[in-house]
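Structure record follows, encoded as structure tokens.
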Protein chains: 2
Amino acid sequence: MELSSETEIKILEAATTIFLEKGKDGARMEEIAKEAEINQALLHYYFRSKDRLYKEVFNREVKNVLLDLFTSLDLQKNMHDFFESFISQYMDRLFQHPKTAGFILWEIRQGGETAAELLQDLFTPASTASPRTVVEKIKKAVEDKEIRTLDPHHLMMSVIGMCVFTFVARPMISVIFPEIDFSDSSFIDRRKTEIFNLIWNGIKP
Amino acid sequence: MELSSETEIKILEAATTIFLEKGKDGARMEEIAKEAEINQALLHYYFRSKDRLYKEVFNREVKNVLLDLFTSLDLQKNMHDFFESFISQYMDRLFQHPKTAGFILWEIRQGGETAAELLQDLFTPASTASPRTVVEKIKKAVEDKEIRTLDPHHLMMSVIGMCVFTFVARPMISVIFPEIDFSDSSFIDRRKTEIFNLIWNGIKP
DNA sequence: GTCTATAATAAGATAGAC
DNA sequence: GTCTATCTTATTATAGAC
């Protein structure tokens with residue numbers, strides 16, 4: 001969707017803030033209007049309904065955190081460098097959008113068919129890089145004995161799980177381990193290193 | 001909270017079903033009443049408000065998936081056996097309550113102070129076993145050179161992340177990799193093995 | 001395009017009979 | 001304890017002036 005006017009952009013930014021914070025069900029149109037410093041009628045003038053506004057926000061966030069990551073991967077790298085770079089890029093992106101992963105996971109669970117379709121539209125078979133491309137790369141690395149024998153799907157899930165969990169579980173971890181400071185940039189560097197070391201030691205031949 | 005009557009139990013089961021499925025904001029009192037095969041007035045008669053009913057459900061679920069797990073761990077085991085058993089028990093529990101982890105993570109993020117207090121009440125310092133106890137055990141294993149040098153907090157997050165992500169991301173993974181069959185019990189056994197192998201190879205000295 | 005005022009509906013909660 | 005009917009408030013959406 002193309003953004004024409006200044007107001008449209010303001011609305012979308014406000015809607016993103018509120019939807020990411022509260023989810024679709026928890027978000028209120030009035031709150032979005034207030035955040036955008038306009039009135040509620042204008043929301044409907046530009047986006048017709050809460051549902052349409054939400055879908056626009058959801059699509060953009062999926063693109064931000066899921067799609068663009070995979071299309072920026074360098075599949076030519078060897079496994080060591082590939083994972084090092086993947087983890088670093090993914091963690092950076094999650095750090096820049098700390099609420100998006102939790103939002104997407106929750107909303108996909110709620111969204112049923114609609115959300116599923118949106119996802120499928122984004123990861124078309126035509127994409128040069130996608131989760132499936134990475135699985136294929138891992139499979140080949142196993143065949144070439146570049147890494148030990150393992151199940152590519154499961155490795156993929158594990159790597160992404162470690163990265164994503166850091167942010168999805170952040171509010172909970174903060175309660176259980178108050179000594180962890182997520183906002184400290186050295187924390188995120190440490191997390192990258194720890195994840196990569198665990199992975200690489202875990203998969204090297 | 002003690003459950004006295006038959007009706008109270010029926011309500012709580014229905015409320016659990018609906019809250020786990022839709023979250024606090026998405027759940028409707030009318031739907032809970034219908035699920036429990038009673039009328040809406042009875043919900044209020046037993047639990048006074050949506051908020052109180054929700055808190056009761058939330059507390060019980062946290063206890064199911066978080067608290068009871070840690071109190072059933074055997075801290076005497078060596079690292080190899082400890083992680084093998086931890087992963088197996090945790091995955092079994094998540095498999096039995098596939099929606100609970102996602103529910104708790106999302107609701108804690110929304111709940112602010114209230115949810116935080118509930119968590120803190122459950123993990124009192126007096127508990128014999130808790131996430132912190134496990135971190136201490138890992139720390140000691142590093143000092144004893146039972147496993148390689150690593151950050152105990154991060155290892156803890158990584159292990160739990162790999163287990164939890166399996167279920168939290170299930171709806172999304174199903175879209176991207178339709179060939180994965182989560183309901184197949186052999187899948188969960190495979191997932192246990194793959195996670196444990198990755199961890200153990202990743203941390204052994 | 002933008003606003004105020006208001007309609008229309010959804011949802012939590014309660015009154016009062018049985 | 002349990003029900004039906006209803007109140008009250010919250011929330012999405014629209015009408016109509018400017």
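We use all heavy atoms of the structure for the numbers below, so side chains are in, but hydrogens, waters and symmetry mates are not. All chains are named by letter (A, B, ...) in the order of the sequence lines, taking the proteins before the strands, and each is independently numbered beginning at 1.
- The list of salt bridge (Lys or Arg N to Asp or Glu O under 4.0 Å) pairs with a residue in residues 109-120 of chain A, not counting sequence neighbours, is empty.
- In this structure, A:K137 places its NZ atom where more than 12 heavy-atom neighbours from other residues, nucleotides or ligands lie under 6.0 Å away.
- A donor-acceptor pair shorter than 3.5 Å cannot be found between the side chains of B:S85 and B:S88.
- Counting any heavy atom pair closer than 4.0 Å across all strands shown, B:A33 reaches no nucleic acid atom.
- On the nucleic acid side, DNA chain D contacts chain A at distances under 4.0 Å to non-hydrogen atoms, with the end points of that region at D:dT11 to D:dA15.
- Within the 4.5 Å cutoff, the side chain of A:C163 has heavy atoms near those of the A:L94 side chain.
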Salt bridge (Lys or Arg N to Asp or Glu O under 4.0 Å) between A:R52 and A:E56, intermediate numbers included: CA-CA 6 Å; A:R52 293 200 187 198; A:E56 190 62 37; over 6 Å; no
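- Under the side chain to side chain contact (heavy atoms under 4.5 Å, CB included) test applied with A:T16, the options A:V57, A:I11, A:L53, A:N64 reduce to a single match, A:V57.
- Taking NE2 from A:H153 and CZ from B:F187, the interatomic distance works out to 10.0 Å, rounded to the nearest 0.5 Å.
- Whole-Å rounding puts the B:K24 NZ to C:dG12 C1' distance at 12 Å.
- Rounded to a whole Å, the NZ atom of B:K34 is 13 Å from the P atom of C:dA11.
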Atom pairs, N/O to N/O, protein against nucleotides 13-15 of chain C, distance under 3.5 Å?
{"residue": "C:dA13", "atom": "OP2", "partner": "B:H44", "partner atom": "NE2", "Å": "3.1"}
{"residue": "C:dA13", "atom": "OP2", "partner": "B:K50", "partner atom": "N", "Å": "2.8"}
{"residue": "C:dA13", "atom": "O5'", "partner": "B:H44", "partner atom": "NE2", "Å": "3.4"}

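- Between A:Y90 and A:F86, the two ring planes are tilted [angle within 30° to 60°].
- Nucleotide C:dA11 holds its P atom 10 Å from the NZ atom of B:K22, rounded to whole Å.
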